[in-house]
K.L.:
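Just dropping this structure here.
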Amino acid sequence: MLIGGGHSHVQVLRRRMMRPEEGAHLAVTLIAREVHTPYSGMLPGRVAGRYAHDEMHIDLAKLCRAADVELVIDEVEALDLESKQVFTQSHPPLRCDVLSLNSGAVPGIEGVEIVGPVTPVKPIGQFLAAWSTVQSAFESALKQGQGRRLAVVGAGAGGVELILAISRRFENASLNLTLLEAGETILPGHSTRVKRWAEVELQAAKVTMLKGFQVVKVDSDCVVSDAGESIGADHTLWTTGVAAPRYPQDSGLQVDSSGFVEVNDRLQSLSHQWVFAAGDVAALAEQPRPKSGVYAVRAGPVLAENLLRYSQSAPLKRYRAQKQALAIIGNSRGQAVASRGRLFAAGRLLSWLKAHIDRRFMARFIPPPMADGSHALVPEDTTMRCLGCGSKLPADLTSRVLGRLDVHPDTEVLQGIGEDAAVIQIGTHTVEPDAAKGTHTLCVSTDHFPQMVSDTYLFGRIAAHHGLSDLFAMGAHPRYALVNLSIKLMAPRLMEEDAYLALKGANDVFRESGVTLVGGHSTESDTTQLGCTVFGEMHSAPLVKSGLEADDLLVLTKPLGIGVLLAGEMRMRTLGRWLEAALAVMNQSNGQAALMLRAHGGRSCTDVTGFGLLGHLLEMLNASDKSAEIWLDRVPTLDGASHLMREGVESSLQQANEAALEEVELSGIEPSRPALRLLMDPQTSGGMLFGIAESEAESLIAALRASGYTEASIIGRICQSAAKDDRARVRIAESLG
């Protein structure tokens with residue numbers, strides 16, 4: 001279990017990616033706060049505007065996919081060292097045999113009274129998000145002629161380079177910059193020549209320097225020192241001092257006087273040999289060093305080696321931390337200075353060298369895209385097969401199979417094959433002639449698919465949401481569930497843990513929806529799969545596909561693109577933040593949306609799943625004998641979905657779904673256009689598609705968005721039935737009118 005996506009752990013992941021045979025016996029999980037982990041060496045360049053977001057961030061989703069590592073995006077809150085469990089904010093306890101910490105430090109602002117706005121630079125991931133907001137506000141104010149004041153606390157290498165980068169970003173703007181240092185000199189630990197160079201650069205950048213300024217209070221419009229001196233500031237950045245996170249000390253790990261995990265020269269906890277630590281969260285007991293990303297980078301290869309050796313009961317390797325680290329500090333004019341001990345060198349070449357070193361380091365963590373067919377074992381098919389709802393059989397194949405079956409008719413079946421769920425009226429037949437008759441309307445549906453995300457608990461949640469959606473689409477109230485679980489064959493203890501996490505995820509969703517898990521079946525398999533059979537009650541007439549009326553408006557509750565994003569993730573082409581957004585959509589229940597539809601007099605509904613929006617819409621239109629117009633610019637899509645389509649990525653079900661275009665009239669739209677093709681993208685735990693009276697549509701949209709369906713949209717209109725000789729059930733236009 002790796003906690004934190006820091007500079008050491010990304011090297012553990014890279015080694016597993018490059019040498020998979022070494023750790024084939026290990027199941028590895030990474031728990032990270034963010035799906036994109038920033039590289040601290042490129043922070044000033046990012047702030048100065050030289051680097052884009054993706055240039056300075058390592059995509060943990062791609063790296064974990066390439067390294068066959070389960071990725072859990074969550075915040076660690078506690079450790080139970082006796083039971084070897086990790087507790088997070090959103091997941092059940094996660095067990096491990098070996099634990100490694102590289103989760104960084106937290107802001108060290110204890111003892112300072114905070115009244116006004118302060119943004120700590122560490123953790124860097126949180127800083128960048130906050131700084132983006134501050135920067136936008138400053139830029140807006142400066143454009144309107146309003147001056148702004150920014151204070152940076154801490155004149156170490158990080159503070160000096162950061163304020164010079166801000167100066168470059170706001171060049172020629174009326175931004176007042178002040179650098180505050182509690183000591184009597186800037187850049188402590190660096191040579192006199194380096195300090196002089198920095199002072200000249202700060203002066204050239206019009207930065208006010210104040211030494212001996214011990215901050216005791218950050219007020220709403222100023223920063224106050226222990227001597228009572230006040231410096232005006234609209235915002236303050238804090239670069240000095242870091243503190244240890246609470247969870248290591250609270251767990252009972254041996255820590256130093258500041259709360260950092262004490263480790264030996266093998267990066268092994270002094271109190272628990274099965275726990276390792278590196279980076280800012282660790283304290284080298286015999287080699288004390290300052291908190292710097294340089295040491296985390298250097299410790300990475302040794303940590304990777306020792307985690308592997310420990311799992312094999314082999315002797316561990318020693319880590320020898322360099323006594324002095326090379327620092328290259330950039331200025332606001334594209335130059336830099338190199339500092340290590342008495343070493344001093346300055347010039348543009350050093351700035352180029354730093355950028356070259358940083359880019360080369362980052363390039364090591366970009367997995368090559370996986371070509372189609374690299375895992376394909378299907379005869380005469382070279383495409384990589386999708387998981388989730390993209391693994392469904394094509395609609396035309398399913399239709400032909402069902403047409404060959406002799407399904408026995410039953411008067412108790414009110415709605416059967418062709419609807420989202422079966423509606424059965426139980427009690428119309430009785431075994432005993434004199435038995436008291438009583439009827440009960442039952443709604444039943446089932447779904448089953450392979451694991452499509454590495455986070456097993458989250459997979460369980462998504463599978464349950466997906467299974468319940470069919471009942472919600474019928475307007476039923478889910479009550480009971482059976483599960484069918486297949487677990488990938490591994491060591492029994494690992495199979496037990498995965499089975500628990502998958503079922504825990506599903507059962508948590510069931511409980512949130514008022515559903516009781518009443519049984520199921522389990523098997524071992526070559527892949528982990530989960531199926532849900534759900535039972536519900538009908539308290540009113542079902543929402544059927546045949547309920548569309550002319551002039552109804554079509555409402556879609558969630559954005560499209562899940563299928564292509566999951567397909568891209570399998571090929572390591574989906575950015576982590578795109579995947580994270582898709583997972584959030586899949587992990588959202590459709591239950592509240594169905595209740596809102598009822599409250600607004602809705603008559604017809606379906607959930608958008610494997611056959612895509614167009615395929616499921618055609619089912620509704622054929623059942624209702626209506627046609628429809630779709631306005632392409634109104635259809636919400638997930639970030640990255642159109643980009644991946646444009647790059648040739650698609651779900652393995654995409655081509656089969658595009659057979660639905662035979663019933664479509666395209667109004668000046670190219671068939672290859674990504675926005676059009678996304679209408680046929682298979683969705684796993686996708687949104688609901690409603691038909692609603694025009695008079696209710698706007699109020700329904702407002703209610704949906706207020707309840708968390710933030711991209712719910714009116715995407716089209718229902719028309720009268722098509723002419724008998726016209727096969728076009730759907731007309732797709734660029735926009736309304």
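None of the values given here were measured: they were computed from a predicted structure. Note that the numbering runs from 1 along the sequence shown for the chain.
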K.L.:
For the residue pair S624 / S546, report whether a side-chain donor-acceptor contact shorter than 3.5 Å exists.
P.N.:
no
K.L.:
For the backbone of S713 and the side chain of R634, can you confirm whether one donor and one acceptor N or O come within less than 3.5 Å of each other?
P.N.:
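Pair absent, no side-chain N/O of R634 close to backbone of S713.
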K.L.:
Looking only at heavy atoms, which two atoms of L614 and V664 are closest? And how far apart?
P.N.:
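Of all heavy-atom pairs spanning L614 and V664, the closest is CD2-CG2, 3.6 Å.
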K.L.:
Is a side-chain donor or acceptor of N507 paired with a backbone partner of L503 at a separation under 3.5 angstrom?
P.N.:
no
K.L.:
Yes or no on side chain to side chain contact (heavy atoms under 4.5 Å, CB included) for F535 and R479, after CA distance, side-chain angles and deciding distance?
P.N.:
CA-CA 6 Å; F535 306 83; R479 293 293 307 277; 5.7 Å; no
K.L.:
Got a donor-acceptor contact below 3.5 angstrom from the S525 side chain to the S486 backbone?
P.N.:
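No: the side chain of S525 does not pair with the backbone of S486.
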K.L.:
Which heavy atom in I692 sits nearest to a heavy atom in G601, and how many Å separate them?
P.N.:
CD1-C, 4.2 Å
K.L.:
How long is the span from the CG atom in D470 to the OG1 atom in T609, to the nearest 0.5 Å?
P.N.:
6.5 Å
K.L.:
Checking T456 side chain against D498 main chain: does a donor-acceptor pair fall under 3.5 Å?
P.N.:
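Side chain of T456 to backbone of D498, a donor-acceptor pair under 3.5 Å: no, none is there.
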K.L.:
Within a 6.0 Å radius of atom CZ on R95, are there more than 12 heavy atoms belonging to other residues, nucleotides or ligands?
P.N.:
no
K.L.:
Given side chain to side chain contact (heavy atoms under 4.5 Å, CB included), test L543 with R598 step by step and report yes or no.
P.N.:
CA-CA 9 Å; L543 298 169; R598 282 283 199 196; 3.8 Å; yes
K.L.:
Is E569 paired with R65 through a side-chain N to carboxylate O contact shorter than 4.0 Å?
P.N.:
yes
K.L.:
Report yes if some heavy atom in the side chain of F472 is under 4.5 Å from a heavy atom in the side chain of P478; otherwise report no.
P.N.:
yes
K.L.:
Any side-chain heavy atom of W631 within less than 4.5 Å of one from R717?
P.N.:
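Yes. Closest side-chain heavy atoms under 4.5 Å.
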K.L.:
Where is the tightest heavy-atom contact between L530 and A502, given as atom of each residue plus distance?
P.N.:
CD2-O, 4.2 Å
K.L.:
How long is the gap from NE2 on H521 to OG1 on T533, to the nearest 0.5 Å?
P.N.:
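H521 atom NE2 to T533 atom OG1 measures 12.0 Å (nearest 0.5 Å).
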K.L.:
Quick one, H465 and N587 - any side-chain contact, counting heavy atoms below 4.5 Å?
P.N.:
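They are in side-chain contact.
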K.L.:
Does the side chain of E665 come within less than 4.5 Å of I732's, by heavy atoms?
P.N.:
no
K.L.:
Once rounded to the nearest 0.5 Å, what's the spacing between atom OG of S627 and atom CD1 of I718?
P.N.:
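One gets 7.5 Å once the value is rounded to the nearest 0.5 Å.
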K.L.:
State the CG-CG distance between L71 and L30, to the nearest 0.5 angstrom.
P.N.:
5.5 Å
K.L.:
Any chance CG of D639 has more than 12 other-residue heavy atoms, nucleotides or ligands included, within less than 6.0 Å?
P.N.:
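For D639, atom CG is not crowded (no more than 12 foreign heavy atoms under 6.0 Å).
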K.L.:
Are R461 and E512 close enough for a salt bridge, meaning some N to O gap below 4.0 Å?
P.N.:
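A salt bridge links R461 with E512.
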K.L.:
Side-chain contact, heavy-atom cut-off 4.5 Å: F690 with L704?
P.N.:
yes
K.L.:
Are the side chain of K558 and the backbone of Q588 linked by a donor-acceptor contact shorter than 3.5 Å?
P.N.:
yes
K.L.:
With distance as the sole criterion, is a donor-acceptor pair present between the side chains of H91 and D74 under 3.5 Å?
P.N.:
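There is such a pair (donor and acceptor under 3.5 Å, judged by atom type) between the side chains of H91 and D74.
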K.L.:
Any donor and acceptor pair, going by atom type alone, linking the side chain of S699 with main-chain N or O of E696 inside 3.5 Å?
P.N.:
yes
K.L.:
Which heavy atom of A463 sits nearest a heavy atom of C532, and at what distance?
P.N.:
O-SG, 3.8 Å
K.L.:
Quick one: does N590's side chain get under 4.5 Å of L468's, heavy atoms only?
P.N.:
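Not in contact.
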K.L.:
Are any non-hydrogen side-chain atoms of L485 and Q529 less than 4.5 angstrom apart?
P.N.:
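No - every pair of side-chain heavy atoms lies 4.5 Å or more apart.
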K.L.:
Heavy-atom count check: over 12 atoms from other residues, nucleotides or ligands less than 6.0 Å from R511 CZ?
P.N.:
no
K.L.:
Can you check side chain to side chain contact (heavy atoms under 4.5 Å, CB included) on L556 and L560, steps first, answer last?
P.N.:
CA-CA 9 Å; L556 179 65; L560 304 179; 4.0 Å; yes
K.L.:
Atom CG of L595 and atom NE2 of H600: how far apart are they, to the nearest 0.5 Å?
P.N.:
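Separation between the atoms: 12.0 Å.
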K.L.:
Verify side chain to side chain donor-acceptor pair (under 3.5 Å) between H616 and D607, making sure each step is shown before the conclusion.
P.N.:
CA-CA 8 Å; H616 290 291; D607 58 335; 5.7 Å; no
K.L.:
May I ask you to decide whether D681 forms a salt bridge with R677, counting only side-chain N to carboxylate O separations under 4.0 Å?
P.N.:
no
K.L.:
With distance as the sole criterion, is a donor-acceptor pair present between the side chains of D508 and Y457 under 3.5 Å?
P.N.:
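Indeed, the side chains of D508 and Y457 share at least one donor-acceptor pair under 3.5 Å.
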K.L.:
Determine yes or no for a side-chain-to-main-chain donor-acceptor pair under 3.5 angstrom, with S604 supplying the side chain and V544 the backbone.
P.N.:
yes
K.L.:
Please round to the nearest 0.5 Å and tell me the distance separating atom CG of L63 and atom NE2 of H36.
P.N.:
12.0 Å
K.L.:
Would you confirm whether D455, through its side chain, and V72, through its main-chain N or O, come within 3.5 Å as a donor-acceptor pair?
P.N.:
no
K.L.:
Could you tell me whether D552 and K626 make a salt bridge, using a distance below 4.0 angstrom between a side-chain N and a carboxylate O?
P.N.:
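The answer is no: the pair does not qualify as a salt bridge.
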K.L.:
Please evaluate residues I31 and V86 with respect to the criterion side chain to side chain contact (heavy atoms under 4.5 Å, CB included), reporting the C-alpha separation (whole Å), side-chain torsions for both, the decisive distance (0.1 Å), and the verdict.
P.N.:
CA-CA 10 Å; I31 306 174; V86 179; 3.8 Å; yes
K.L.:
Please check this pair: side chain of Y709 against backbone of A593, looking for a donor-acceptor N/O pair closer than 3.5 Å.
P.N.:
yes
K.L.:
Is there side-chain contact between L617 and L689, with at least one heavy-atom pair below 4.5 Å?
P.N.:
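Yes, side chains in contact.
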K.L.:
Looking at R731 and E629, does any basic side-chain N land under 4.0 Å from a carboxylate oxygen?
P.N.:
yes
K.L.:
Tell me the closest heavy-atom pair linking L548 and G691, and the distance in Å.
P.N.:
CD2-CA, 3.7 Å
K.L.:
For R493, does the CZ atom sit with more than 12 other heavy atoms under 6.0 Å from it, leaving out its own atoms?
P.N.:
no
K.L.:
Can Q655 and N657 be counted as having a side-chain donor-acceptor contact under 3.5 angstrom?
P.N.:
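Note: Q655 and N657 side chains miss the donor-acceptor criterion.
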K.L.:
Any salt bridge linking E647 with R573? Criterion: basic side-chain nitrogen under 4.0 Å from a carboxylate oxygen.
P.N.:
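So E647 does not pair with R573 through a salt bridge.
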K.L.:
Spell out, as yes or no, whether a donor-acceptor pair under 3.5 Å connects the side chain of H466 to the backbone of I462.
P.N.:
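No, the answer is negative, given that no donor and acceptor are paired below the 3.5 Å cut-off.
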K.L.:
Might you point out which heavy atoms bring S685 and M586 nearest each other, and give the distance in Å?
P.N.:
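Between these two residues, the closest heavy atoms are OG-O, 2.8 Å.
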